[in-house]
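Comments concern the structure below.
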Amino acid sequence: KIKAVFDAWKTLTPNTLLSALEKNQELKSLMLEETPWVLQAQNETERKQRISLLFEMNKMSNELSKALAKLKKMQLPNGGFPWFGGMEDDRYITQHIVTGFGHLDNLGVKDVKDDSKSWSMVKKGVYYLDDRIKEDYDWLKKYYTKTEMEKNHTSYLQIQYLYARSYFINDLVIESKNKESYDYYLGQIKTYWLDYNRYMQGMISLALSRTGNKAVALDIIKSLKENSITNDEMGMYWKDMTGGYYWYQAPIETQALLIEAFDEVAKDSASVENMKIWLLKNKQTNDWETTKATAEATYAMLLRGTDWLANESMVEITMGDQKIDPTKMDDVSVEAGTGYFKTSWAGAEIKADMGKVTVKRKDKTGISWGAVYWQYFEQLDKITPAETPLKLEKKLFVQRASDTGPVIDPITASTKLVVGDKIKVRIELSVDRDMEYVHMKDMRASGFEPLNVISKYKYQDGLGYYESTRDASTNFFFSFLPKGTYVFEYPLYVTHNGDFSNGITTIQCMYAPEFAAHSEGIRVKVGE
């Protein structure tokens, strides 16, 4: 079914294989060529075009054989895999590969146990990992007393081992020499599972469930559910999945694994469907740049819950009293697989009641999204604020000296400014979800001149961004904008007398242009 979609994209709708950054340029506040993300757009377009090549069956078969041969060649005599050829064996990489074989076997993509080459690699890899866990245990016994051994001594790497091992626990019996160490760490995670993050708790619940410890596994799922957030817009997720530098802090992989845990351990189909919504809503505004994140998310979407691929019905859209049916509209094509289409109306065709838009799904499974854009001209200082999941608030302050030092006062309609005054711009930005490739533009009155004239990369409050000063505005580029509230400030000087419009501040996710917002317009007077 997916192959048919990609075939249609190559022949009927080639623009689908463009990066989200390159699509719909007319809806974006800034041309892609003026942003720092041109290369990222080209990279994603290339990745999409490569995906379409996968569905050429002969090529796919050859590539799978090549990949298997490459893996076999990389496996070292002791059973471990290195990160790259020529390096030493790496436990994390070996556990990741063993888990990957477990996923393939679980999906029915490849019957690992019936394929001699694959099964040989899995067996050698699993027994290599069993030996490493024994080394960890022997080290503990050497340096800790029996009482100290009862404390928590289990690392993230050892939890990943127990999860990877659980895929083959019934097929590859643990050797007697490694049984004591395996049982020790299994007992550790039963006792100390609360000490770990959501990703590790998901792995622990699956490892325990597959080894007969159902009660503790269900307690973990119950705890995870009690700490989750669920809403209609974002589905089900956890607020502390904010990412980080380490493999066990990856939010996409965490969500994918928890989908597996909720389905396999608790058989909670309602939660699984809500968690899949979060994955797709995250993809709407983010480019999954790593193969690991994409593979884990794909595994979760294919393996668990309702088959969303089976749904081919169009969404019912009504604007005022007009039903929008793209199949009956001239010069409108519906994209295969996604149902995406785009149409527009000129000024004379627009009626007031078209502002009332109703969207209805014919079935209860899956998720859909879209956007309506209203483009018109208005005087800058008469614009009122507008928000989506992005929200902006802009204020101007005048800084003056006092007996106790410099003080700032908000600029209002009655504020009297004079040439030479120092102005401070304050922008408050709120975003309700993680987004990538976000552009914020702050307009500036022609009677003001910036103090910061050199464009450069900045870092504040955990957020990195590039600030670029232009003739009439200051631009902020966020490669990654995490969920939260941020405040930006920068100074200006008053250079001319007059009555000026200070414009507005606009922000838009270039990856998903439907997410845009702007502040209200501000007018300032300088001199008499």
Q: For side chain to side chain contact (heavy atoms under 4.5 Å, CB included), just list the numbers for Leu481 and Leu390, CA-CA rounded to whole Å, side-chain angles, deciding distance to a tenth of an Å, and then say yes or no.
A: CA-CA 11 Å; Leu481 181 63; Leu390 291 159; 4.2 Å; yes
Q | Worked check of salt bridge (Lys or Arg N to Asp or Glu O under 4.0 Å) between Asp268 and Lys225 | A | CA-CA 10 Å; Asp268 187 348; Lys225 192 166 184 177; 2.8 Å; yes
Q. Can you check side chain to side chain contact (heavy atoms under 4.5 Å, CB included) on Leu280 and Trp369, steps first, answer last?
A. CA-CA 10 Å; Leu280 285 179; Trp369 62 73; 4.2 Å; yes
Q. Given the rule in the salt bridge (Lys or Arg N to Asp or Glu O under 4.0 Å) test, do Asp138 and Lys142 qualify, once you have shown the distances and angles that lead to the verdict?
A. CA-CA 6 Å; Asp138 289 343; Lys142 182 177 180 181; over 6 Å; no
Q: Please lay out, stage by stage, how Lys72 and Ser120 fare under the test side chain to side chain contact (heavy atoms under 4.5 Å, CB included).
A: CA-CA 9 Å; Lys72 189 168 181 63; Ser120 171; 4.0 Å; yes
Q: I would like to know whether Glu489 and Arg426 meet side chain to side chain contact (heavy atoms under 4.5 Å, CB included); could you show each step before the answer?
A: CA-CA 5 Å; Glu489 291 185 345; Arg426 178 178 295 169; 2.6 Å; yes
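Counted by atom type alone, Tyr237 and Asn282 present zero donor-acceptor pairs between their side chains at under 3.5 Å. Under 3.5 Å, the side chains of Lys283 and Tyr511 contain a donor-acceptor pair of N or O atoms. Looking at Lys281 and Gln284, their side chains do bring a donor and an acceptor atom within 3.5 Å of each other. Checking Ser430 against Thr485 by side-chain atom types alone, a donor-acceptor pair falls below 3.5 Å. Donor-acceptor pairing under 3.5 Å is recorded for the side chains of Ser368 and Arg361. In this structure, a donor-acceptor pair under 3.5 Å is absent between the side chains of Asp183 and Tyr137.
In this structure, the side chain of Thr469 does not engage the main chain of Ile454 through any donor-acceptor pair within 3.5 Å. Between the side chain of Asp434 and the main chain of Lys483, a donor-acceptor pair closer than 3.5 Å is present. Counting only distance, with no hydrogens or angles, the side chain of Asn152 and the backbone of Thr154 share a donor-acceptor pair below 3.5 Å. Side chain of Gln188 to backbone of Lys151: a donor-acceptor contact under 3.5 angstrom is found. In this structure, Lys267 contributes its side chain and Glu264 its backbone to a donor-acceptor pair below 3.5 Å. Using a distance-only test at 3.5 Å, with no hydrogens or angles considered, a donor-acceptor pair links the side chain of Gln460 to the main chain of Val487. Proximity of a side-chain donor or acceptor of His153 to a complementary backbone N or O of Glu148 within less than 3.5 Å is detected. With hydrogens and angles ignored, the 3.5 Å screen pairs a side-chain donor or acceptor of Ser205 with a backbone N or O of Gly202. For the pair Asp90 (side chain) and Trp83 (backbone), a donor-acceptor distance under 3.5 Å is absent. Under the 3.5 Å distance criterion, the side-chain polar atoms of Thr99 are matched with a main-chain donor or acceptor of Gln95.
Residues Ser181 and Asp136 form no side-chain contact, since every pair of their non-hydrogen atoms from C-beta on lies 4.5 Å or further apart. Using a 4.5 Å heavy-atom threshold, the side chains of Ile507 and Val431 count as separate.
The structure places CG of Leu129 at 7.0 Å from OH of Tyr161, a figure rounded to the nearest 0.5 Å. Atom CZ of residue Arg165 and atom CD of residue Gln158 lie 15.5 Å apart, to the nearest 0.5 angstrom. Annotation: the span from Leu392 atom CG to Asp442 atom CG amounts to 9.0 Å, rounded to 0.5 Å. We find the CD1-CG distance between Ile174 and Leu186 to be 8.5 Å, quoted to the nearest 0.5 Å. Here CD of Glu428 is found 12.0 Å from OG1 of Thr505. Values are rounded to the nearest 0.5 Å. Rounding to the nearest 0.5 Å gives a distance of 9.0 Å between OG of Ser271 and CD1 of Ile221.
Residue-environment remark: NZ (Lys292) exceeds the threshold of 12 foreign heavy atoms within 6.0 Å. Residue Lys113 qualifies as enclosed at atom NZ: its count of foreign heavy atoms under 6.0 Å is above 12.
Nearest approach of Ala266 to Leu218, heavy atoms of both residues: CA-CD2, 4.1 Å. The two residues Met241 and Pro251 make their nearest non-hydrogen contact at O-CB, 3.8 Å. Across Asn227 and Ser223, no two heavy atoms sit closer than the pair ND2-O, 2.8 Å.
Judged as a ring pair (Phe, Tyr, Trp, His ring centres under 6.0 Å), the pairs with a partner in residues 102-131 (not counting sequence neighbours) are, in order, His103-Tyr167, His103-Tyr299, Trp119-Phe168.
Taking the six-membered ring where the residue is Trp, Tyr199 and Trp247 present perpendicular rings, their angle passing 60° and hence far from 30°.
Using a cut-off of 4.0 Å between Lys/Arg side-chain N and Asp/Glu carboxylate O, Asp130 and Lys177 are scored as not salt-bridged.
Legend: residues meeting side chain to side chain donor-acceptor pair (under 3.5 Å) with Glu88, ordered by chain and number and at least two apart, are absent. Every residue meeting the side chain to side chain donor-acceptor pair (under 3.5 Å) condition with Asp240, not counting sequence neighbours, appears here in chain and number order: Arg198.
Aromatic ring centres of Tyr248 and Tyr196: separated by at least 6.0 Å.
Just one of Phe477, Phe478, Tyr457 meets the ring pair (Phe, Tyr, Trp, His ring centres under 6.0 Å) condition when paired with Tyr465; it is Phe478.
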